[in-house]
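Everything numeric in this text was worked out from a predicted model, so none of it was measured.
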Amino acid sequence: DFSYFGGAETLPHDVDKRSPRRTVVVASSEKDNGRSYPGPPLDPADFLWMMSEEPHRSRRTAIMKAHPQVTKLMGHEPLTKYVVLGVVSLQVSIAICLRHTHPLSWAFLAMAYVVGGTANHNLFLAIHEITHNLAFRGVSANKALAVFANLPIGLPYAAAFKRYHLEHHKHLGEDGIDTDLPTRFELLCLNNVLGKTFFATFQIFFYALRPTFVRAQALTKWHFINVVAQGIFDYILVRTFGIRPLLYLLFSSFFAGSLHPCAGHFIAEHYVWDGLDQETYSYYGPLNLLAYNVGYHNEHHDFPSIPWTRLPALRALAPEFYDNLPSHPSWPMVIINFIRDKEVGLFARAKRLAKASQFTGMVPSASSSFSSSTVNN
């Protein structure tokens, strides 16, 4: 009964009018052969509301039962701090070298996009890795490294990101808590090709500003340290070499979260595709080499305590849990397909009520979409 799937009664059923399937499956099954659509398109008027628990906790339990040796993959990765040091040094050196180049010249912009955007995206994901305390054994050492990795980004965000991201893991998809989720305002304003192009181009600002509107957090001493350290670094850089090195770093950060090949992971990770009710997707392609293997995203959410260098080993250890999950073959194509496909947009996110709201009578709107597993509960 496809009426359980959002959009089944409001959108055309003609398969020929649907976009080609965008996700792939390594090991096909009766449930998903990797070629046909598992379900009809979602209703673009609302999010996909779920009443089932997020999938990672139960899969983590099952994997630990089937493969107890998975615990040997957990722990910090000493290599991380050296990669951070190298990328920070690279960015600062390039910024200084460009101090005599006009910021709007092709050389400056090309360097900021190709090298700077890739490097700062790498630092975004270094901070993501460090947020899980996977660079050092001690918490304070990890926080200090995150502040250091933040320097070439130009603006302080590492301390604020930590709490928001940990809530994203603990409360995946919970409306009002998981700030990775688009708001209804974004859905109403950006639910077309032009809006999606705007979102994909400026998504760095959405991820930076959305949390402050959705869920403010109490400030800590590490917020203060982050702001002061970044301010001192920026001041010394500008005072010594002029404004252009700082502009290079800021341009790099913008490109890193805009129409950049690596930025496809922002959309690839949790947007719902191909009529599925799956809320997390992995990517196993070569861009993982530049991005701390963040493409192994199902694996990361299942085991946040496993560092980036060992996520491929996790997948190899438990292929029966991962090879049957649809994944993305390309990050750049995720951005292109997100913009041009009618079946995916800001609406294509799985949401669930925050746990405190499940017992207060709060329900999604009448037009909300539900997954089939939701109705059985």
Side-chain angles (χ1 to χ4, degrees), residues 83-85 87-96 98-99 103-104 108-109 111-131 135 142-168 179-180 198-260 262-263 265-266 291-292 294:
V83 176
V84 169
L85 177 61
V87 177
V88 169
S89 300
L90 173 68
Q91 277 294 81
V92 174
S93 299
I94 294 175
I96 294 173
L98 291 175
R99 65 188 182 277
L104 297 182
F108 192 99
L109 294 175
M111 185 64 73
Y113 180 86
V114 177
V115 179
T118 304
N120 274 16
H121 199 97
N122 179 272
L123 291 174
F124 289 159
L125 296 172
I127 293 172
H128 166 263
E129 186 77 7
I130 298 163
T131 288
N142 281 283
K143 290 182 177 180
L145 182 62
V147 171
F148 175 73
N150 197 151
L151 296 179
I153 292 172
L155 297 172
Y157 94 103
F161 173 79
K162 183 178 179 70
R163 181 172 178 179
Y164 286 128
H165 185 68
L166 294 181
E167 287 182 338
H168 165 66
T179 57
D180 187 69
F198 180 85
F199 175 81
T201 303
F202 299 100
Q203 58 182 315
I204 187 67
F205 296 113
F206 285 89
Y207 286 107
L209 299 176
R210 183 193 298 141
T212 62
F213 292 98
V214 175
R215 187 174 174 83
Q217 59 180 243
L219 300 180
T220 68
K221 71 173 184 179
W222 282 102
H223 290 81
F224 176 76
I225 293 172
N226 193 187
V227 171
V228 171
Q230 190 67 54
I232 293 174
F233 173 81
D234 292 350
Y235 175 79
I236 293 175
L237 189 65
V238 172
R239 185 75 174 177
T240 306
F241 302 104
I243 192 65
R244 291 178 180 179
L246 180 59
L247 289 177
Y248 165 77
L249 297 179
L250 293 175
F251 285 10
S252 297
S253 295
F254 170 74
F255 289 135
S258 184
L259 301 177
H260 190 281
C262 291
H265 85 85
F266 289 123
Y292 285 88
V294 75

Supply the atom-to-atom distance Phe199 CZ to Phe266 CZ, rounded to the nearest 0.5 angstrom. 9.5 Å
Considering only heavy atoms from C-beta outward, does the side chain of Arg244 approach that of Leu98 to under 4.5 Å? no
Can you pull the ring pair (Phe, Tyr, Trp, His ring centres under 6.0 Å) pairs that have at least one residue in residues 222-244, sequence neighbours excluded? none
Is a side-chain donor-acceptor pair under 3.5 Å present for Thr118 with His260? yes
Distance flag, aromatic centroids of Phe161 and Phe124, threshold under 6.0 Å: no
Are side-chain heavy atoms of Phe148 and Leu151 found at a separation under 4.5 Å? yes
Before we go on, tell me: are the rings of Phe198 and Phe202 under 6.0 Å apart, centre to centre? yes
Search all heavy atoms of Asn120 against all heavy atoms of Ser252 and return the closest pair with its distance. ND2-CB, 3.5 Å
So, taking the atom named OG1 in Thr179 and the one named CZ in Arg210, what distance separates them when rounded to the nearest 0.5 Å? 7.5 Å
List the atom of Lys162, the atom of Thr131, and the distance in Å for their closest heavy-atom pair. NZ-O, 2.7 Å
Test item: Thr240 side-chain N/O and Leu237 main-chain N/O as donor-acceptor pair under 3.5 Å: no
pair Asp180-Tyr207: side-chain heavy atoms closer than 4.5 Å: yes
Phe255 and Leu109 have their tightest heavy-atom pair at CE1-O, 4.0 Å
Is there a side-chain contact between Leu123 and Asn150 (heavy atoms, below 4.5 Å)? no
Please determine, by modelled atom types, if Gln230 and Asn226 share a side-chain donor-acceptor pair under 3.5 angstrom. no
Do Phe251 and Phe108 have side chains that approach each other closer than 4.5 Å (heavy atoms only, starting at C-beta)? yes
Can you confirm whether Thr220 sits close enough to Arg163 that some side-chain heavy atom of one is under 4.5 Å from a side-chain heavy atom of the other? no
Do Glu167 and Gln217 make a side-chain contact, defined as non-hydrogen atoms from C-beta onward lying under 4.5 Å apart? no
Which atom names give the shortest non-hydrogen contact between Asn142 and Ala135, and what distance separates them? OD1-N, 3.0 Å
So that I know where these two stand, are Tyr292 and His128 an aromatic pair - ring centroids less than 6.0 Å apart? no
Applied to residues 217-233, the salt bridge (Lys or Arg N to Asp or Glu O under 4.0 Å) test, sequence neighbours excluded, yields none
Report the residues that fulfil side chain to side chain donor-acceptor pair (under 3.5 Å) with Arg99, sequence neighbours left out, ordered by chain and then residue number. none
Ile130 vs Val84, side chain to side chain contact (heavy atoms under 4.5 Å, CB included): CA-CA, chis, key distance, verdict: CA-CA 10 Å; Ile130 298 163; Val84 169; 4.3 Å; yes
Side chain proximity check, Asn122 to Val83, heavy atoms < 4.5 angstrom: yes
If every non-hydrogen atom of Ser253 is compared with every non-hydrogen atom of Ile204, which pair is closest and at what distance? O-CG1, 4.2 Å
On a heavy-atom basis, the closest approach of Leu249 and Pro152 is CB-O, 3.2 Å
